[in-house]
Every structure is written in C-alpha cells, then in structure tokens.
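Down below is the structure, laid out as structure tokens.
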Amino acid sequence: QVQLVESGGGLVQAGGSLRLSCAASGRTFSSATMGWFRQAPGKERQFVASINWSTGITNYADSVKGRCTISRDNAKNTVYLQMNSLKPEDTAVYYCAGPKYYGAYNDRGAYAYWGQGTQVTVSS
C-alpha cells in the first residue's frame, strides 16, 4: 500500500518562502509522475506542479510558475515543493499525489494516491 506523508506547511508572511516535503513509501515509482495540488476553502482542488521520477520533467500551473520549484530525491523517495514570493492567494491545503502513469499531469483523477495535506497560510 502506498503512503504519502506531507510536511512543511505553516504560517508565513507575504513574500516569504516555504518548502513542502512529501515522503512516499510502500513501493517505488521509477517511471511515474508525482504531483502537488492545493485546495482553498470553498474552491476545487487545483494542480500546482508535477515531476517525473525518472526523467525529472516538470510542469507548473501558471499561477505558481517562476515562484515554485518541484524537485525529487530518488534515494529518499521524497518530493519537494519550494515556494517563494508567497502571496495570500497561495493560502490552501497542499496535497501530494501519485503515482500517475497515464493521463494529463494536471488531471486529479490520474493520480492514484493522496496524502493527508498540509496547511499553508500566507498573511498579508
């Protein structure tokens, strides 16, 4: 069984930075894609970023492009999301998801497992 455990969320002022981590266990995902999504109160869960374990190919939502960097440490089976220049509109629960082998990188339904989420709050 796959387990995804997020950490690193918290309260930060606008303009600040956070690094989220997602530790994956239960299997290896050598050819899969892992993703980060977020859900703000009253809104749908939306795609943030994704990365392929083997190729390192990344994709980003337009809303975070240039401010966020997704990376992975294959040896630790961990995916990271470095978020800089944070804005109040980045406030949300951030979820790690994966693995994805088929489908679009921003398709929630294409990801097999989800973590419990970590809260990110950006104050103005």
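Side-chain atoms are counted along with the backbone in the values below, which use heavy atoms only and exclude waters and symmetry mates.
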Does the side chain of Trp36 reach to within under 4.5 Å of the side chain of Ile51, using non-hydrogen atoms? no

Within this structure, what is the CD-OG distance for the pair Gln13 and Ser123, rounded to the nearest 0.5 Å? 5.0 Å

Using a 3.5 Å distance criterion without hydrogens, assess whether the side chain of Gln39 forms a donor-acceptor pair with backbone atoms of Ala92. no

For the student: nearest non-hydrogen atoms of Leu4 and Ala24, plus distance: CD2-CB, 3.6 Å

Does the side chain of Tyr80 come within less than 4.5 Å of Thr69's, by heavy atoms? no

For the OG atom of Ser50 and the CG atom of Asn106, what is their distance to the nearest 0.5 Å? 8.0 Å

Value rounded to 0.5 Å, distance of CZ in Arg72 from OG1 in Thr78: 12.5 Å

Could you measure the distance from the CD atom of Gln119 to the CG atom of Leu11? Nearest 0.5 Å is fine. 9.5 Å

Residue pairs passing the ring-ring contact (aromatic ring centres under 6.0 Å, His included) test where at least one lies in residues 91-124, sequence neighbours excluded: Phe37-Tyr111, Phe37-Trp114, Phe47-Tyr105

Would you say Arg38 and Val64 make side-chain contact, with heavy atoms under 4.5 Å? yes

How many angstroms lie between atom OG1 of Thr33 and atom CD1 of Ile57, to the nearest 0.5 angstrom? 8.5 Å

Minimal non-hydrogen separation, Ala32 against Pro99, with atom names: CB-CB, 3.3 Å

Go through the structure and list residues passing side-chain contact (heavy atoms from CB on, under 4.5 Å) with Ser124, not counting sequence neighbours. Pro88

For the residue pair Cys96 and Met34, what are the closest heavy atoms and their distance? SG-CE, 4.1 Å

Mind checking the CG-OG spacing from Asn74 to Ser54? Nearest 0.5 Å is all I need. 8.5 Å

Asp62 and Lys65: CA distance, side-chain angles, deciding distance, salt bridge (charged side-chain N to carboxylate O under 4.0 Å, His left out) verdict: CA-CA 5 Å; Asp62 288 343; Lys65 202 171 291 184; 3.2 Å; yes

Please answer whether the main-chain N or O of Gly117 pairs with a side-chain N or O of Glu6 as donor and acceptor at a distance below 3.5 Å. yes

Quick one: does Val120's side chain get under 4.5 Å of Met83's, heavy atoms only? yes

Short side-chain to backbone donor-acceptor contact, Arg45 and Arg108, under 3.5 Å: no

At their closest point, which heavy atom of Leu86 faces which heavy atom of Val12, and how far apart are they? CD1-CG1, 3.6 Å

If you compare all heavy atoms of Leu81 against all heavy atoms of Cys68, which two are closest, and at what distance to 0.1 Å? CD1-CB, 4.2 Å

List the residues meeting side-chain contact (heavy atoms from CB on, under 4.5 Å) with Ser25, not counting sequence neighbours, and say none if there are none. Gln3

